[in-house]
Amino acid sequence: MTTVRRALALSFLERYFSIVLALGSGMVLARLLTPEQIGMYSVTLAVIGLAQVLREFGVGSYLIQQKDLNDDHVRTAFGLALAMGFTLAVVIYAIAPWVARFYSAPEMAGLMRIVALNFIILPFCSISLSLLRRAMEFKNLLYVNLTALSIGTAVTLSLAWAGYGPTSMAVGAVLGNVTTGFCAWLARGRPPLLRPGWKEWRAVLNFGGQSAAVGIVASIAIDINDLIIGKVLGFAPVAILSRAQGMANLVHRDFMAAVRSVALPSFARAHRDGENLEHAFIQATAYLTAVAWPIYVLMAIYPLEIIRLMFGVQWDSAASLVPLFCIAGSIATLTSIVPSLLIAAGRMDLVTWFELTMQPLRIILTVSAVLIWRSIEAAAVAYLVSATLALPVLLMVKNRAIRTSWKSL
């Protein structure tokens, strides 16, 4: 338990510094770039979201949860990640002009080609980061991630100040990932460079195939707001909705990321040691809600004041949407670590079933709402409805693998 608490403390420390840097850079970028420019970059990331999922192919989670990890597993995971990364980079580079024409935004082609470089770089990052997480070396992860984030942020702000528009965010992301790969390699003691292999390809593909299927539908569901609104309503509404959702994501994405990065390796270790996973789940959920719910309440009561303080008056229209995303986030807090729990217990099949069932429903709700009402408010309501429906379903799915202590929960 001491190891887990120390890991959580280091993970939270990393996330707090990351949030401060992200908030600071976001406040500056909101004044240096227009909603149109930020919306264009958001849509660009949404377009390549599926490729990002395919690139990852679940190799990180596979390395963390694998009981008897050996060099062949690691080399196979690296080989698969490398092959996927290079292939997807070429595809994105080739289709960039067509995507730019579809959105009537020539600048998007250049953005996509810059972002495509990440697919070549990230395989060298993901393996080292996953092995550090498996070993629960969160002190080293703290140094790696904060160094990379600081360099990426500095590059982004410098280029934005110099007038490079959305290109500044793309270049900053690429250089941040280069830094991550190099620092993660140093943190692991400068081991010999990995050689790709394929000996354990069946095991990796079995896990990765399910993970990729989950990731694809989840990515579509997450990015559908940007994709459909960018086409139907334009780039500026995309930025407004993203800014409102970003407020709630400070908790659901950034705060929860600190927990999830520890949850999977700690649950996996507990499962290998035969410990009670339900007790760990109940305790973690209690901690999460105790911290997250008061923050959501504060943001829901004072959305306009917080939006103006952080981003300026040009983003006022995002304030009315913040409470809807806060309610959705507070509901999702109750089950946010269930997927990590199930993966650690070796039940990736249940996670796959849930995601392939609920995420298409979320996509249908979002697309229907935007096309029928043609407003970003409708998209926010659809997000809330989908979060509400997902809560009982995910708890029932969990109960099939790990019996839920309903009274304790």
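Numbering of residues begins at 1 and proceeds along the displayed sequence. Computed from a prediction, not measured in an experiment: that's the story for all the values here.
- Counting heavy-atom neighbours within 6.0 Å of Asn399 CG, excluding the residue itself, gives a total above 12.
- The side chain to side chain contact (heavy atoms under 4.5 Å, CB included) test applied to Pro191 returns Trp185, Arg188, not counting sequence neighbours.
- Every residue meeting the side chain to side chain contact (heavy atoms under 4.5 Å, CB included) condition with Ala268, not counting sequence neighbours, appears here in chain and number order: Arg272, Ala344.
- The distance from the CG atom of Asp226 to the CG atom of Leu241 is 7.5 Å, given to the nearest 0.5 Å.
- At least one side-chain heavy atom of Phe119 sits less than 4.5 Å from a side-chain heavy atom of Ile48.
- Qualifying side chain to side chain contact (heavy atoms under 4.5 Å, CB included) partners for Ser317, counting only residues two or more places apart in sequence or in other chains: Ile240.
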Pairs of donor and acceptor atoms involving the side chains of residues 289-298, under 3.5 Å and at least two apart or interchain, shall be tabulated with distances.
unit_1: Thr289; atom_1: OG1; unit_2: Thr285; atom_2: O; d: 3.0
unit_1: Thr289; atom_1: OG1; unit_2: Ala286; atom_2: O; d: 3.1
unit_1: Trp293; atom_1: NE1; unit_2: Ser330; atom_2: O; d: 2.9
unit_1: Tyr296; atom_1: OH; unit_2: His252; atom_2: N; d: 3.3

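- Annotation for Ala160 and Ser168: closest pair N-CB, 3.4 Å, computed over non-hydrogen atoms.
- The distance from the CH2 atom of Trp161 to the OG1 atom of Thr156 is 15.5 Å, given to the nearest 0.5 Å.
- Counting heavy atoms from C-beta outward, Thr179 and Cys183 have side chains that approach closer than 4.5 Å.
- A side-chain donor-acceptor contact under 3.5 Å links Gln314 to the backbone of Ala30.
- A distance of 14.0 Å separates CG of Leu309 from OH of Tyr302, quoted to the nearest 0.5 Å.
- Under the 4.5 Å side-chain criterion, counting only non-hydrogen atoms from C-beta, Phe235 is not in contact with Pro166.
- Under the ring-ring contact (aromatic ring centres under 6.0 Å, His included) criterion, Phe124 pairs with Phe78, sequence neighbours left out.
- Distance check: Arg347 CZ to Ile402 CD1 gives 9.5 Å after rounding to the nearest 0.5 Å.
- The salt bridge (charged side-chain N to carboxylate O under 4.0 Å, His left out) test applied to Arg400 returns no partner, not counting sequence neighbours.
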**OP:** Go through the steps to decide whether Lys398 and Thr335 satisfy the test side-chain contact (heavy atoms from CB on, under 4.5 Å), and finish with yes or no.
**Re:** CA-CA 9 Å; Lys398 171 195 168 294; Thr335 54; over 6 Å; no

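- Contacts of Phe325 classified as ring-ring contact (aromatic ring centres under 6.0 Å, His included), with partners at least two apart in sequence or in another chain: Tyr383.
- Residues passing the salt bridge (charged side-chain N to carboxylate O under 4.0 Å, His left out) test with Glu305: none are found, sequence neighbours excluded.
- Considering CG of Leu159 and OG1 of Thr167, their distance stands at 8.5 Å, rounded to 0.5 Å.
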Subject >> side-chain contact (heavy atoms from CB on, under 4.5 Å) between Leu389 and Val393, worked out >> reply: CA-CA 7 Å; Leu389 294 174; Val393 177; 5.9 Å; no

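- Summarising the geometry of Pro123 relative to Ala81, their closest heavy-atom pair is CG-O, 3.4 Å, with the distance given to 0.1 Å.
- For Ser336, the side chain to side chain contact (heavy atoms under 4.5 Å, CB included) partners two or more places apart in sequence, or in a different chain, are Met256, Arg260, Leu288.
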Taking only distance into account, with no hydrogens and no angle test, what donor-acceptor pairs under 3.5 Å do side-chain atoms of residues 145-153 form with protein atoms, sequence neighbours excluded?
unit_1: Asn145; atom_1: ND2; unit_2: Glu14; atom_2: OE1; d: 3.4
unit_1: Asn145; atom_1: ND2; unit_2: Glu14; atom_2: OE2; d: 2.9
unit_1: Asn145; atom_1: ND2; unit_2: Leu141; atom_2: O; d: 3.3
unit_1: Thr147; atom_1: OG1; unit_2: Tyr143; atom_2: O; d: 2.7
unit_1: Ser150; atom_1: OG; unit_2: Leu146; atom_2: O; d: 2.7
unit_1: Thr153; atom_1: OG1; unit_2: Leu149; atom_2: O; d: 2.8

Per-pair distances, 0.1 Å, donor-acceptor, side chain in residues 96-117, under 3.5 Å, sequence neighbours excluded:
unit_1: Tyr103; atom_1: OH; unit_2: Leu227; atom_2: O; d: 3.4
unit_1: Arg113; atom_1: NE; unit_2: Tyr93; atom_2: O; d: 3.1
unit_1: Arg113; atom_1: NH2; unit_2: Tyr93; atom_2: O; d: 3.3

**OP:** Check step by step if side-chain contact (heavy atoms from CB on, under 4.5 Å) holds for Val171 and Tyr164.
**Re:** CA-CA 10 Å; Val171 174; Tyr164 284 89; over 6 Å; no

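- The CG atom of Leu142 lies 7.5 Å from the CZ atom of Phe17; values are rounded to the nearest 0.5 Å.
- The minimum heavy-atom distance between Ala380 and Leu324, with the atom names listed, is CB-CD1, 3.7 Å.
- Considering every non-hydrogen atom in both Ile307 and Ala318, the closest pair reads CD1-CB, 4.4 Å.
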**OP:** With side-chain contact (heavy atoms from CB on, under 4.5 Å) as the test, would you mind laying out the steps for Val397 and Val338 before giving the verdict?
**Re:** CA-CA 9 Å; Val397 169; Val338 169; over 6 Å; no

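- Leu63 and Arg134 make their closest contact through O-NH1, 2.9 Å (heavy atoms, listed as atom of the first residue, atom of the second, distance).
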Output side-chain donor-acceptor pairs under 3.5 Å for residues 355-366, partner residues at least two apart or in another chain, one line each.
unit_1: Glu355; atom_1: OE1; unit_2: Gln359; atom_2: NE2; d: 2.8
unit_1: Thr357; atom_1: OG1; unit_2: Trp353; atom_2: O; d: 2.7
unit_1: Thr366; atom_1: OG1; unit_2: Arg362; atom_2: O; d: 3.0

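- Nearest heavy atom pair, residue Ala173 against residue Tyr41, reads CB-OH, 4.1 Å.
- A heavy-atom distance below 4.5 Å is found between the side chains of Ile331 and Leu384.
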